[in-house]
Amino acid sequence: MSNIINLDIIQTAFLSLVQSVGLTKDMIMSEIDENSQCRWSINHNVSINSYFSKDLRELVSLFEFSTKAKISADDLTALCALMRAGLRAHILHNLFEDIWSDVDKVLYRDERFSWPPIPDGYQIPHHFLMAGADARKRMAAPGVTANPAVITLWENATGEVGAIEKERIDVIRKTFMELAESIGISCEKMDNKIGESDQFEWCIDYADLLGERLEKDLNELLLFFEVHRIAILNNDQLAAYVALMNAGIYAQTVSNFFLNIKDKVDEVTIFDKRFAWPIIPDSYKFPEHLVTNLCC
C-alpha cells in the first residue's frame, strides 16, 4: 500500500479546527483586512492539491525541456525554460508558505484559538501518531501498490491517482550540476563552496536525491496534519497543538525546498555572469505545447 500525497488533507484539518471554535469556511473566507485581502492565506474555495499536482508536473517538465534544448545547442529555449521553471518553483514556494502562514496564525496570532502550555519533555501520544499513520494508509486507492520509484499523487475527488517518477524530479538537481560543470565547478565544489556570508552558495544539497527528500517531507507534513485533526476530534488540545507546530515546520521545509530551486534558477540565469546566455529577442515565442506534452 502506498501513501498518497493529497494536500486537501490540510484544508480538511484547518476546517475541523476552525469549526471547533465556532467558525465556518464561509466565515473565515469573508474575513478581510484593511488592505481588502483575506486574513487567511489558504483559499478554501479551491483544491490546493490540484494546483500542487499540476505545478509540480510543470516544474519538472520545464527542467526536462531545458535539458533537451541545451543538448540540442538551443541555448535560447533552454534559458527560457529555466526561467519559467523558476517562476513555477516560486508558485510552489508560495503555496507551502501560505500553509505555514495559516499554521502560524492559529498557533500564535489569532486570539480565538487558545492552546495549553507544553510540559517539559512532552511527546505526542503514540496512539495518535499511529492513528495518523493509519489514516494516511487508508487513503490508498484500490489496486494502488507501493512503488518506491514514484511519488503517488491524488488527482481528484473520485479517488483517481497518478504518479511522478522520483528520477524525473531529480532532473532539477542534475540540471544544476551539469550547468556548474560547464563552467568548471565539480559536484564536490558545489557541496563545499561557501560564500562571503558563510552560507553555501549552492543552496541545494547535491548529495541528496530531490525526489526522495520531497516525498519524505510531504509525508511528514501530511502525517502531522492528520494527527492534529484526530487530536482535535478527541478533544486533546495539547497533542493537537504540538502536531500543528510540527506540521508548520514541515510546511516551511517544503516551502524552502522550492524557494531554493527558484533562487538557484535566478543565480544561473541572471546573477552569476559566469553562465553565458543569449539575449531573448522581443519576437521570441516559447513552445508551450512541447512542454505540455512532457507534463503528461
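Bear in mind that the values here come from a model prediction, so they are computed numbers and not experimental data.
Across every non-hydrogen atom of Phe286 and Ala81, the tightest pair is CE1-N, 3.6 Å. Here the closest heavy-atom approach between residue Val150 and residue Glu215 is recorded as O-OE2, 3.6 Å. The minimum heavy-atom distance between Asn49 and Asp8, with the atom names listed, is N-OD1, 3.1 Å. Among all heavy-atom pairs drawn from Ile48 and Leu95, the shortest one is O-CD1, 3.9 Å. The two atoms that bring Gly86 and Val265 nearest to each other are CA-CG1, 3.9 Å, heavy atoms only. Of all heavy-atom pairs between Phe224 and Asn246, the closest is CE2-ND2, 3.3 Å.
Between Tyr241 and Trp115, the ring planes lie parallel to each other; the angle is under 30°, not in the 30° to 60° tilted range. Using cut-offs of 30° and 60° for the angle between ring planes, the Phe113 and Trp40 rings count as perpendicular. The aromatic rings of His93 and His90 are tilted relative to each other, their planes meeting at an angle between 30° and 60°.
Linking ILVMFWY side-chain heavy atoms closer than 4.5 Å, directly or via other members, places Leu56 and Trp100 in two distinct hydrophobic clusters. Val21 and Leu107 fall within a single hydrophobic cluster, where Ile, Leu, Val, Met, Phe, Trp and Tyr side chains are chained together by heavy-atom contacts under 4.5 Å. The hydrophobic cluster containing Ile249 does not contain Ile124, counting ILVMFWY residues as joined when their side-chain heavy atoms lie under 4.5 angstrom apart, directly or transitively.
Ion pairing of Lys70 with Glu181 is absent here, as no side-chain N (NZ or NE/NH1/NH2) approaches a carboxylate O to less than 4.0 Å. Using a 4.0 Å cut-off between charged side-chain N and carboxylate O, Glu178 and Lys174 make no salt bridge. Using a 4.0 Å cut-off between a side-chain N of Lys or Arg and a carboxylate O of Asp or Glu, Arg39 and Asp33 do not qualify as a salt bridge.
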Take Arg112 and Glu31, measure what salt bridge (charged side-chain N to carboxylate O under 4.0 Å, His left out) needs, and give me the verdict at the end. CA-CA 13 Å; Arg112 292 172 295 184; Glu31 293 181 1; 2.6 Å; yes
Begin with the C-alpha distance, continue with both residues' side-chain angles, and end with the deciding distance and a verdict on salt bridge (charged side-chain N to carboxylate O under 4.0 Å, His left out) for Lys166 and Asp170. CA-CA 6 Å; Lys166 296 176 189 176; Asp170 207 48; over 6 Å; no
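Residue Phe96 is tested with Tyr51, Phe52, Tyr250 for a ring pair (Phe, Tyr, Trp, His ring centres under 6.0 Å); the sole match is Phe52.
Under the ring-ring contact (aromatic ring centres under 6.0 Å, His included) criterion, His44 pairs with no residue, sequence neighbours left out.
No donor-acceptor distance shorter than 3.5 angstrom exists from the side chain of Ser101 to the backbone of Asp98, with no hydrogens or angles considered. Counting only distance, with no hydrogens or angles, the side chain of Glu226 and the backbone of Ala131 share no donor-acceptor pair below 3.5 Å. A donor-acceptor contact shorter than 3.5 Å is absent between the side chain of Ser255 and the backbone of Ala251. Within the 3.5 Å criterion, the main-chain N or O of Leu62 finds no donor-acceptor partner in the side chain of Ser66.
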Distance-only donor-acceptor pairs under 3.5 Å for side chains of residues 232-239, two or more places apart:
from   : atom 1 : to     : atom 2 : distance (Å)
Asn234 : ND2    : Ile230 : O      : 2.7
Asp236 : OD1    : Leu238 : N      : 3.3
Asp236 : OD1    : Ala239 : N      : 3.0

